[in-house]
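Have a look at the structure below, then the notes.
In this chain, residues are counted from 1 in sequence order. Just so we're clear, the structure is a prediction, and the values are computed from it rather than from any experiment.
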Amino acid sequence: MVSHEKGVEKKFIHVRFNVCGSPLEFPETFPTIGRVRVKHRGILLTLKGTVIRSGAVKMYEGQRTYQCKKCKHMFPLYPELETRNSITLPSICPSQRSNPCEGTKFLCIENTTVCHDYQEIKIQESTQVLGVGVIPRSILVILQDDLVDIVKAGDDVIITGILTAKWSPDLKDVRCDLGPILIANHVRKTNEMKLEIDIPDDVAMKFKQFWLDFRDTPLKGRNTILRGICPQVFGLFTVKLAVALTLIGGVQHVDASGTKIRGESHLLLVGDPGTGKSQFLKFAAKLSNRSVITTGLGSTSAGLTVTAVKDGGEWMLEAGALVLADGGLCCIDEFDSMREHDRATIHEAMEQQTISVAKAGLVTTLSTRTIVFGATNPKGHYDPDQPLSVNTALSGPLLSRFDIVLVLLDTKNPEWDAVVSSHILGEGEYGNGKQDEDLANIWSLSILRGYIGYVKKHFKPVLTKEAERVISNYYQLQRRSATHNAARTTVRMLESLIRLAQAHARLMFRNEVTRLDAIAAILCIESSMTISAIIDSIGNALHSNFTENPDEEYAKQEKLILENLSLIDESPESNGLEGFN
């Protein structure tokens, strides 16, 4: 109800068009940024992309009132965007009278200037939707009034607006031309949507039914899922398990003081040439909803973190690979060819999950909740007697941040070579066979992707006392014998064990971390220790194959580990663990 004495006048009322659903499939009003052409000018368009640069919020004059000195006629003037918001005075008085005034002198009336908030951002096409060899295009977007400052670099957005053009700045010896620019009407962030894949109920029921079928042999069910990871590479069971656990990740823990312990795991593959490292990197990028792939040789610290660029006389920050992969996966191939000081910049991004920047007078912190997946070649010939930091030429602080470091050595093994060659030659014969939708046989890429998204969203596993005791004992045993691999056996290793055990519980479709998960995490960490403290029977990760009866195999490994951890007798009196928990 409006009171009769005094009404409230509202200025700056905006009508916003939120375009979603079926119109987004219509190419005329929903082109990719690289396909914006002259024919789209003046049309309400919807563009999708990632914000790579956000400028400072400024003010601009949206309207100014003038008065003709001769006939006292008052008229408003509006700035033209094409001429960079400059106001052009008319040549003669625009009054619509019967006898024209034709005055040429005008006076600006004070306090009639209407100002608006104004911000320029730059959005770029998502690299996931581009073909190979296509350079991602970008476009400037103008945000006004209530739309300013709602997006930051690294956000995924869908922007609706009207396409217009703008003259480039007048620079000496540079040709002046019109560049396309989008005046935004509505901005929608899609970060949250991107992190969560909608799983239909019937697919979720399939997952539940799958685990009901494998109730008695859960590890056989797990191995069925793992066979779907990078199926073109034969064997490499340990690596496939490590990739699955890294992508699923643990649960982020925030204590009362606000200190965060990250939930994301990091994985480093160290291996001889031809052991399939890059294949795994590419496949992991397909499995993740949001991924950025870079190679170490072409990556600088600014390209990985954030770059300061000068635009029109002012400095702006442009997001790099780790910021763009926030909430997803960043794959860095040829990790060893990065320069030493460039490698040091990702220390903070990996552990604290932020990047602090102080460049060109801009001091800020950006979030990078990203999984780092690295691949590197050993320095020269891999020497098993030397510690990992010597073989890889990576520093201790960086190695301790990786939860799993897998070493793939190409040892000459005639039986293995025969099996692998028959697998590769056999693949060529039957090519792309029928895609069976039965989950008991083969898991396709889309089903795997949905499964990883589903378990990350629905399961938050909690450690049982049994699992805690196994992890605690193993950590203490490693600390006692940590003379050889001191870089890896830090407190971070304990956190890694917890994360991997939680990830394994999620992979097994459960909400509690049992002893089986703790031992699976230990086996993962063990295979990343070249000279092991407990199990020397693990062997080379490259030659690890899928066993026929994984549950029986596991029972042997569990017995061996529990004997080594002096936990085989489960009564609390005999294992001397009273003071450990």
Side-chain angles (χ1 to χ4, degrees), residues 12 14 16-17 31-34 36-38 40-64 78-87 113-126 135-171 174 176-191 302 306-320 323-324 357 359-364 366:
F12 302 143
H14 300 285
R16 301 285 183 215
F17 295 98
T32 57
I33 295 174
V36 172
R37 300 289 182 264
V38 174
H40 294 119
R41 190 174 174 184
I43 301 175
L44 191 73
L45 287 185
T46 304
L47 296 180
K48 186 179 185 179
T50 308
V51 181
I52 55 167
R53 183 196 300 178
S54 58
V57 177
K58 301 173 186 170
M59 283 169 65
Y60 86 103
E61 289 182 339
Q63 179 186 337
R64 201 189 275 177
Y78 303 96
E80 288 182 26
L81 190 84
E82 283 190 13
T83 56
R84 295 197 304 286
N85 296 330
S86 60
I87 292 178
T113 306
V114 179
C115 289
H116 297 275
D117 291 321
Y118 171 93
Q119 185 188 19
E120 281 187 16
I121 64 169
K122 199 174 196 178
I123 63 169
Q124 179 182 297
E125 289 173 284
S126 300
I135 297 169
R137 306 288 177 202
S138 55
I139 190 170
L140 275 174
V141 179
I142 288 180
L143 307 178
Q144 294 172 347
D145 295 328
D146 58 324
L147 295 180
V148 299
D149 244 7
I150 62 171
V151 292
K152 60 181 188 304
D155 285 343
D156 287 295
V157 288
I158 292 177
I159 297 181
T160 305
I162 293 173
L163 187 75
T164 178
K166 177 182 176 182
W167 286 105
S168 58
D170 317 324
L171 297 171
V174 175
C176 207
D177 53 4
L178 278 165
I181 193 162
L182 189 77
I183 301 174
N185 175 275
H186 182 271
V187 177
R188 182 162 100 248
K189 282 207 277 189
T190 57
N191 293 18
V306 67
T307 323
V309 289
K310 198 165 191 178
D311 184 51
E314 66 167 314
W315 287 93
M316 292 181 183
L317 290 180
E318 208 160 273
V323 181
L324 292 176
V357 189
K359 290 186 179 184
L362 302 164
V363 181
T364 182
L366 300 164

(request) Taking all non-hydrogen atoms of both residues into account, name the closest pair between Pro180 and Ile139 and its distance. (result) O-CG1, 3.9 Å
(message) What I'd like to find out is whether the side chain of Lys359 reaches to under 4.5 Å of the side chain of Trp315, using heavy atoms alone.
(response) no
(message) Measuring from atom CG of Leu366 to atom NZ of Lys152, what distance do you get when rounded to the nearest 0.5 angstrom?
(response) 8.5 Å
(message) Could you go through Asp149 and Asp117, starting from their C-alpha distance and side-chain angles, then the distance that decides it, and tell me whether this counts as side-chain contact (heavy atoms from CB on, under 4.5 Å)?
(response) CA-CA 10 Å; Asp149 244 7; Asp117 291 321; over 6 Å; no
(request) Please round to the nearest 0.5 Å and tell me the distance separating atom CD1 of Ile183 and atom CD1 of Ile142. (result) 5.5 Å
(message) Are the side chains of Ile123 and Val151 in contact, using a 4.5 Å heavy-atom criterion?
(response) no
(message) For a 4.5 angstrom cut-off between non-hydrogen side-chain atoms, does Pro79 reach Glu61?
(response) no
(request) Of all the heavy-atom pairs spanning Gly49 and Ile33, show the shortest one and how long it is. (result) CA-CD1, 4.5 Å
(message) For the SG atom of Cys115 and the CZ atom of Arg64, what is their distance to the nearest 0.5 Å?
(response) 9.0 Å
(message) For the OG1 atom of Thr46 and the CD1 atom of Ile158, what is their distance to the nearest 0.5 Å?
(response) 8.0 Å
(request) Please check if atom NZ in Lys48 has more than 12 non-hydrogen atoms from other residues, nucleotides or ligands closer than 6.0 Å. (result) no
(message) Distance check, rounded to the nearest 0.5 Å: Gln63 atom CD versus Ile87 atom CD1?
(response) 9.0 Å
(message) According to salt bridge (Lys or Arg N to Asp or Glu O under 4.0 Å), who are the partners of Asp146, at least two apart in sequence or on a separate chain?
(response) Arg16
(message) For a quick test of reading the model, state the closest non-hydrogen atom pair linking Val148 to Leu143 and the distance between them.
(response) CG1-O, 3.6 Å
(request) State, yes or no, whether a side-chain contact exists between Leu163 and Ile43 at a heavy-atom distance under 4.5 Å. (result) no
(request) Indicate yes or no: does Glu125 engage Arg137 in a salt bridge with an N to O separation below 4.0 Å. (result) no
(message) Which heavy atom of Leu178 sits nearest to which heavy atom of Ala165, and what is that distance?
(response) CD2-CB, 3.7 Å
(message) Quick check: do Asn185 and Ile162 have side-chain heavy atoms less than 4.5 Å from each other?
(response) no
(request) To the nearest 0.5 angstrom, please state how far the CD1 atom of Ile159 sits from the CG atom of Leu47. (result) 7.5 Å
(message) Test side-chain contact (heavy atoms from CB on, under 4.5 Å) on Leu362 and Val357; report intermediate values, then the result.
(response) CA-CA 7 Å; Leu362 302 164; Val357 189; over 6 Å; no
(request) Would you indicate whether the side-chain heavy atoms of Glu318 and Gln124 approach each other to under 4.5 Å? (result) no
(message) Looking at every non-hydrogen atom in both residues, tell me the closest pair between Gln119 and Ser54 and how far apart they are.
(response) NE2-CB, 4.0 Å
(request) Of all the heavy-atom pairs spanning His186 and Phe17, show the shortest one and how long it is. (result) CB-O, 3.2 Å
